Number of protein chains: 2
Amino acid sequence: MPAPTSIRLPARSSAAVEDYLERILELINTKGYARVVDIAQSLKISQASVTNMVQRLDAEGLLKYEKYRGLALTTAGEALARNITRRHQLLTDFLKLLGLDDDVIYHDVEGMEHHISPPTVRAIEALTEQLQRHPALLVKVRKDIDEN
Amino acid sequence: MPAPTSIRLPARSSAAVEDYLERILELINTKGYARVVDIAQSLKISQASVTNMVQRLDAEGLLKYEKYRGLALTTAGEALARNITRRHQLLTDFLKLLGLDDDVIYHDVEGMEHHISPPTVRAIEALTEQLQRHPALLVKVRKDIDEN
DNA sequence: TCAAAAAGTTAGCCATGGCTAAATTAGTTG
DNA sequence: CAACTAATTTAGCCATGGCTAACTTTTTGA
């Protein structure tokens, strides 16, 4: 049997699952761990809700959870979380390029990110790259926005 | 009292409410009316669910509904529906410009449209206009996409 | 006109993903 | 090491927005 060349991602995750995974990865990256209380504070939801979801994510194989102890992302969970994070960052960069306010960007990305398919991600990626090479066009866009 | 110069839009609508209003306006524009059965078929949900929501939209003042008879958007409902439709069309046009497939566009717009605030709408509008004046840049973007 | 079909409604159910309150476990500290 | 505190878990609830099945109203056509 040949070595696997890619990681199998779960079929389709809900927006809630994606939000949890994204935040868990971020906590692990910044604090080194992600406790229930940390996740709850970060997502501004109750600890009870977090416990529930964490148990579900364990059942789905996206993380390993030991009751009262702690959790760690599985390979699949981490791969998924990285994908989600990359998409989030790309969208944020793109809207930033257009000159939008940080709070607007935060709000809109938070809502949109779960609904953008890989082809659209690639398209926005390509567009962002080209826009960065055409500052003059961006200047015009920002001026148009301000004039409204 | 001076004449009102603008229509008061409801505070904030759920994604479901927005989907209903958008589809109802579309049906009225194309068929001249929007029956429960039409809405149900168009949104691919049951007639029972539509009846429920239509009664709720009536209670919220977004449309006038007469049991067993029919419905008509109120001024507020139509204004909201037009806004939603305009945002939907703008997003579709934008993604089309990037060269994405119609089914991808349909899927992504359907998901994203409810999460994009007015400033971002304006920004994408301005960007779309500028991109239309720079076909060369769009060609490059589409080439980048294809190369991936 | 009147019976069958189509449309609409109601009742009751389900899943998702929140919540609070109360119970339990783990960690800390005098 | 006991007791207090913080963290976690459980139980039970709620809202949203779907569903099916059964019933009612409206429309249609022989």
Side-chain angles (χ1 to χ4, degrees), chain A residues 10-24 27-28 31-73 77 80-81 84 107 110-111 113-115, chain B residues 10-24 27-28 31-73 77 80-81 84 107 110-111 113-115:
Chain A
R12 190 63 185 109
S13 303
S14 71
V17 165
E18 294 191 352
D19 279 334
Y20 274 92
L21 288 178
E22 188 173 2
R23 218 52 79 91
I24 287 168
L27 285 166
I28 289 175
K31 307 186 63 168
Y33 54 85
R35 291 177 306 170
V36 168
V37 67
D38 300 319
I39 301 167
Q41 278 175 12
S42 181
L43 289 174
K44 299 186 204 301
I45 60 185
S46 72
Q47 292 185 18
S49 298
V50 173
T51 296
N52 243 333
M53 179 61 89
V54 158
Q55 289 172 348
R56 179 179 143 192
L57 294 177
D58 179 288
E60 288 180 17
L62 295 171
L63 52 79
K64 237 20 190 162
Y65 185 55
E66 279 181 84
K67 248 191 185 185
Y68 293 109
R69 288 309 182 166
L71 61 85
L73 291 173
L80 187 46
I84 293 161
H107 169 274
E110 211 56 50
E113 61 177 338
H114 312 294
H115 306 281
Chain B
R12 190 62 186 110
S13 303
S14 70
V17 166
E18 293 191 353
D19 279 334
Y20 275 90
L21 288 178
E22 188 173 0
R23 217 52 79 94
I24 288 168
L27 284 167
I28 289 174
K31 308 186 61 167
Y33 54 87
R35 291 177 308 169
V36 168
V37 68
D38 300 319
I39 301 166
Q41 277 175 12
S42 180
L43 290 174
K44 297 186 205 304
I45 60 185
S46 72
Q47 291 186 20
S49 298
V50 173
T51 296
N52 243 334
M53 179 60 90
V54 158
Q55 289 172 348
R56 178 179 143 193
L57 294 177
D58 178 287
E60 288 179 18
L62 295 170
L63 52 80
K64 241 12 193 164
Y65 186 53
E66 279 182 84
K67 246 190 187 184
Y68 294 110
R69 287 309 183 167
L71 61 85
L73 292 172
L80 186 46
I84 293 162
H107 167 274
E110 211 57 49
E113 61 178 335
H114 312 294
H115 306 281

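Residue numbering restarts at 1 for every chain, and letters A, B, ... go by the order of the sequence lines. Remember, predicted model here, so these are calculated numbers, not experimental data.
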Asks: Using atom CD of B:Q41 as one end and atom C1' of C:dG8 as the other, report the distance to the nearest whole Å.
Replies: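 About 14 Å, once rounded to whole Å.
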Asks: Looking at D:dT16, I'd like to know if its phosphate oxygens (OP1 or OP2) sit under 4.0 Å from a side-chain N or O belonging to B:Y20.
Replies: no
Asks: I want to confirm an ordering. Mapping A:A48 and B:E66 to their closest nucleotides on DNA chain C, which one lands closer to the 5' end?
Replies: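 In this pair, the answer is B:E66.
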Asks: Starting at CD1 of A:I84, measure out to CZ of A:R23 and round the result to the nearest 0.5 Å.
Replies: 12.0 Å
Asks: Measure from CD1 on A:I39 to C1' on D:dT8 and round the result to the nearest Å.
Replies: 12 Å
Asks: Mind checking the CG-CD spacing from B:D19 to B:E113? Nearest 0.5 Å is all I need.
Replies: 6.0 Å
Asks: From C:dG17, C:dC19, C:dG8, pick the nucleotide closest to the side chain of A:S14?
Replies: C:dG17
Asks: If I take atom CD1 from residue A:I28 and atom CG from residue A:L73, how far apart are they, to the nearest 0.5 angstrom?
Replies: 4.0 Å
Asks: State whether A:S49 places a side-chain N or O below 4.0 Å from either non-bridging phosphate oxygen (OP1 or OP2) of C:dG18.
Replies: no
Asks: Measuring from atom CD of B:E18 to atom CD of B:E22, what distance do you get when rounded to the nearest 0.5 angstrom?
Replies: 8.0 Å
Asks: Would you mind reading off the bend of the helix from C:dT1-D:dA30 to C:dG30-D:dC1 from its two end axes, five pairs each, to 10 degrees?
Replies: 0°
Asks: Whole angstroms only, please: what is the CE-P distance between B:M53 and C:dT9?
Replies: 15 Å
Asks: Does A:Y68 have a side-chain nitrogen or oxygen under 4.0 Å from the phosphate oxygens OP1 or OP2 of D:dT10?
Replies: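 No, no such contact exists.
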Asks: In whole Å, what is the span from the CG atom of B:N52 to the P atom of D:dC19?
Replies: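 In whole Å, D:dC19 P lies 11 Å from B:N52 CG.
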Asks: Check B:S49 against B:I45 and note the closest heavy-atom contact, atom names and distance.
Replies: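 Nearest heavy atoms, B:S49 then B:I45: CB-CD1, 4.4 Å.
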Asks: Take A:Y20 and A:L43 through the side-chain contact (heavy atoms from CB on, under 4.5 Å) test and state the conclusion after the steps.
Replies: CA-CA 8 Å; A:Y20 274 92; A:L43 289 174; 3.8 Å; yes
Asks: Rounded to whole angstrom units, what separation is found between the CD atom of B:Q55 and the P atom of C:dA11?
Replies: 10 Å
Asks: Write down the atom of A:L62, the atom of A:L21, and the distance for their closest heavy-atom approach.
Replies: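 Closest approach of A:L62 to A:L21: CD1-CD1, 4.1 Å.
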Asks: Can you check the B:R35 CZ to D:dT25 C1' distance for me, whole Å?
Replies: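 Rounding to the nearest Å, CZ of B:R35 and C1' of D:dT25 are 14 Å apart.
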Asks: OP1, OP2 of D:dT10 versus side-chain N and O of A:T51: anything below 4.0 Å?
Replies: no
Asks: Separation of B:R56 atom CZ from D:dT16 atom P, in whole Å?
Replies: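 Answer to the nearest Å: 6 Å.
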Asks: Can you check the B:K67 NZ to C:dT9 P distance for me, whole Å?
Replies: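 Rounded to the whole Å, the gap is 7 Å.
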Asks: Report yes if a side-chain nitrogen or oxygen of A:S46 is closer than 4.0 Å to either non-bridging phosphate oxygen (OP1 or OP2) of C:dG18; otherwise report no.
Replies: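 No, outside the criterion.
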Asks: Between A:Q47 and B:Q47, just flag the one whose closest nucleotide in DNA chain C comes earlier from the 5' side.
Replies: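 This one resolves to B:Q47.
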